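Heads up, the thing below is written out as structure tokens.
Everything numeric in this text was worked out from a predicted model, so none of it was measured. FYI, side chains are in, hydrogens and waters are out, and symmetry mates aren't considered; it's all heavy atoms of this structure. Naming: A, B, ... by sequence-line order, numbering from 1 per chain.
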Number of protein chains: 2
Amino acid sequence: MSRTPLHPTREQIELPTVLDCLSDPIRLAIVYQLARQERVSSELCCSDFYALSGKSNLAYHFAKLRECGLMQTRVAGTNRFMRLRREDLDARFPGLLDAVLKSAARDAERLELIDTCDVVEAD
Amino acid sequence: MSRTPLHPTREQIELPTVLDCLSDPIRLAIVYQLARQERVSSELCCSDFYALSGKSNLAYHFAKLRECGLMQTRVAGTNRFMRLRREDLDARFPGLLDAVLKSAARDAERLELIDTCDVVEAD
DNA sequence: CCTTATGTTCAACGTTTATTGAACTATCGA
DNA sequence: TCGATAGTTCAATAAACGTTGAACATAAGG
């Protein structure tokens with residue numbers, strides 16, 4: 001629990017790995033919530049995702065999301081703050097993340113995605 | 001070998017399944033080649049993909065691609081002609097397929113993607 | 001210092017996955 | 001009718017995956 005987790009560099013981010021990461025419903029929900037939160041605080045911590053699964057299972061999915069370059073973790077006290085690596089992803093695969101998020105938003109009910117923030121806005 | 005394979009309806013196409021299908025390098029290469037071929041004949045058959053893997057492994061991946069709704073198979077004699085279900089995918093997840101294909105094209109060498117047709121065009 | 005809160009790590013498990021070769025089915029052409 | 005061709009299906013295998021609970025590590029608060 002001590003070390004700052006390793007993240008791939010922008011150039012090391014791979015398309016198949018990213019798609020595989022996004023193909024898991026829990027990880028897609030995590031990314032979706034992180035994206036929604038971007039406009040507010042841009043960061044969320046583990047306990048913000050308890051609705052999705054248990055702590056240890058979340059830690060497993062966080063690790064996958066970090067390893068593939070989708071998100072970044074910042075350690076602060078006993079908390080880990082996560083945020084999307086949007087700049088890197090947009091630079092590496094322009095339009096991909098937005099297309100996935102938009103598709104996910106369309107299927108929000110089907111995918112059982114929950115809005116973390118209650119703010120509703122037009123698209 | 002007799003029946004025309006089953007495909008999901010447009011509405012049955014699911015985002016996680018599609019992403020999972022595209023996350024496999026061989027299937028991504030198949031989809032990429034189908035997309036490149038779209039401008040020419042729009043259809044390819046199994047033997048056009050022998051460079052990617054063996055017949056039986058290809059049949060396995062074709063089945064996955066059909067089941068998730070990414071491609072469609074038409075039986076004609078001893079051949080099966082495959083094409084992308086672009087209209088359905090674009091209707092269901094606008095921009096997604098193009099974003100993936102564009103990202104794949106950028107990483108063509110890294111992903112060892114081969115141009116089926118020798119036609120080179122600007123983007 | 002002791003306790004609580006946060007999150008990770010580990011071992012175990014059952015499931016799904018990709019890959020292989022052999023057997024099979026069906027169609028086409030000679 | 002007899003190959004040859006095209007592709008599927010099946011069984012077997014090894015690896016990777018997602019989930020669980022228990023144990024652990026770290027930092028904050030009293």
Side-chain angles (χ1 to χ4, degrees), chain A residues 1-7 14 16-31 33-34 41 43-68 70-83 111-112 116, chain B residues 1-7 14 16-31 33-34 41 43-68 70-83 111-112 116:
Chain A
M1 193 176 178
S2 48
R3 74 194 192 296
T4 301
L6 290 173
H7 304 84
E14 302 276 1
T17 325
V18 167
L19 294 176
D20 184 51
C21 237
L22 292 170
S23 76
D24 180 273
I26 292 190
R27 288 193 293 263
L28 183 59
I30 292 171
V31 168
Q33 283 193 215
L34 284 173
S41 71
E43 286 184 321
L44 288 173
C45 65
C46 180
S47 57
D48 292 318
F49 299 96
Y50 283 174
L52 296 175
S53 186
K55 283 163 55 158
S56 92
N57 188 234
L58 285 177
Y60 165 74
H61 288 298
F62 293 155
K64 290 237 135 192
L65 286 163
R66 260 175 321 211
E67 284 160 19
C68 86
L70 269 166
M71 74 178 211
Q72 200 166 35
T73 302
R74 178 176 65 86
V75 180
T78 75
N79 291 298
R80 269 117 188 97
F81 289 102
M82 340 258 195
R83 50 169 258 266
L111 298 169
E112 292 174 32
T116 4
Chain B
M1 194 176 177
S2 48
R3 75 196 192 295
T4 301
L6 290 173
H7 304 85
E14 301 276 1
T17 325
V18 166
L19 294 176
D20 184 51
C21 236
L22 293 169
S23 75
D24 180 274
I26 291 189
R27 288 193 293 262
L28 183 58
I30 292 170
V31 168
Q33 282 192 215
L34 284 173
S41 69
E43 285 185 322
L44 288 173
C45 65
C46 180
S47 57
D48 291 318
F49 299 96
Y50 283 174
L52 296 175
S53 186
K55 280 163 58 156
S56 93
N57 189 234
L58 286 177
Y60 165 75
H61 288 299
F62 292 154
K64 289 237 137 193
L65 287 164
R66 257 174 319 196
E67 285 160 20
C68 86
L70 269 166
M71 74 178 211
Q72 201 166 35
T73 302
R74 179 175 65 87
V75 180
T78 74
N79 292 299
R80 270 115 188 97
F81 290 101
M82 340 259 193
R83 52 168 255 267
L111 297 170
E112 292 174 30
T116 4

Subject >> Backbone of A:Gly54 reached by a side-chain donor or acceptor of A:Asn57 within 3.5 Å >> reply: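 A pair under 3.5 Å: no.
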Subject >> Partner set under side chain to side chain contact (heavy atoms under 4.5 Å, CB included) for B:Ala59, not counting sequence neighbours >> reply: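 Once residues adjacent in sequence are excluded, B:Ala59 has no partner under the side chain to side chain contact (heavy atoms under 4.5 Å, CB included) criterion.
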**OP:** For A:Ser56, enumerate each residue passing the side chain to side chain contact (heavy atoms under 4.5 Å, CB included) test, keeping only those at least two apart in sequence or located in another chain.
**Re:**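 Side chain to side chain contact (heavy atoms under 4.5 Å, CB included) list for A:Ser56, sorted by chain: empty.
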Please report the distance, rounded to the nearest Å, between [atom1] in [X] and [atom2] in [N].
X	N	atom1	atom2	result
A:Phe81	C:dG7	CZ	C1'	12 Å
A:Arg80	D:dT26	CZ	P	10 Å
B:Lys55	D:dA4	NZ	C1'	11 Å
A:Asp48	C:dT6	CG	P	10 Å
A:Leu44	C:dG7	CG	C1'	15 Å

Donor-acceptor contacts under 3.5 Å from residues 17-26 of chain B side chains, at least two apart:
{"residue": "B:Ser23", "atom": "OG", "partner": "B:Asp20", "partner atom": "O", "Å": "2.7"}
{"residue": "B:Asp24", "atom": "OD1", "partner": "B:Ile26", "partner atom": "N", "Å": "2.9"}
{"residue": "B:Asp24", "atom": "OD1", "partner": "B:Arg27", "partner atom": "N", "Å": "3.2"}

Each nucleotide N or O in nucleotides 27-30 of chain D that has a protein N or O under 3.5 Å away: list the pair and distance.
none

Distances under 3.5 Å between nitrogen or oxygen atoms of protein and nucleotides 14-20 of chain C:
{"residue": "C:dA18", "atom": "OP1", "partner": "B:Arg27", "partner atom": "NH1", "Å": "3.1"}
{"residue": "C:dA18", "atom": "OP1", "partner": "B:Arg27", "partner atom": "NH2", "Å": "2.7"}
{"residue": "C:dA18", "atom": "OP2", "partner": "B:Arg27", "partner atom": "NH1", "Å": "3.4"}
{"residue": "C:dA18", "atom": "OP2", "partner": "B:Tyr60", "partner atom": "OH", "Å": "2.1"}
{"residue": "C:dT19", "atom": "OP2", "partner": "B:Asn57", "partner atom": "OD1", "Å": "3.2"}
{"residue": "C:dT19", "atom": "OP2", "partner": "B:His61", "partner atom": "NE2", "Å": "2.7"}

Original post:
OP1 or OP2 of C:dA5 sitting under 4.0 Å from any side-chain N/O of A:Asn79?
Top reply: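 Answer no for this pair, as no side-chain N or O of A:Asn79 is under 4.0 Å from OP1 or OP2.
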Subject >> Set of residues satisfying ring pair (Phe, Tyr, Trp, His ring centres under 6.0 Å) with respect to B:Phe62, sequence neighbours excluded >> reply: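 Partners of B:Phe62 by the ring pair (Phe, Tyr, Trp, His ring centres under 6.0 Å) criterion, ordered by chain and then number, come out as B:Phe49.
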Original post:
Residues in ring pair (Phe, Tyr, Trp, His ring centres under 6.0 Å) with A:Phe81, at least two apart?
Top reply: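 In terms of ring pair (Phe, Tyr, Trp, His ring centres under 6.0 Å), with neighbours along the sequence ignored, A:Phe81 is linked to no residue.
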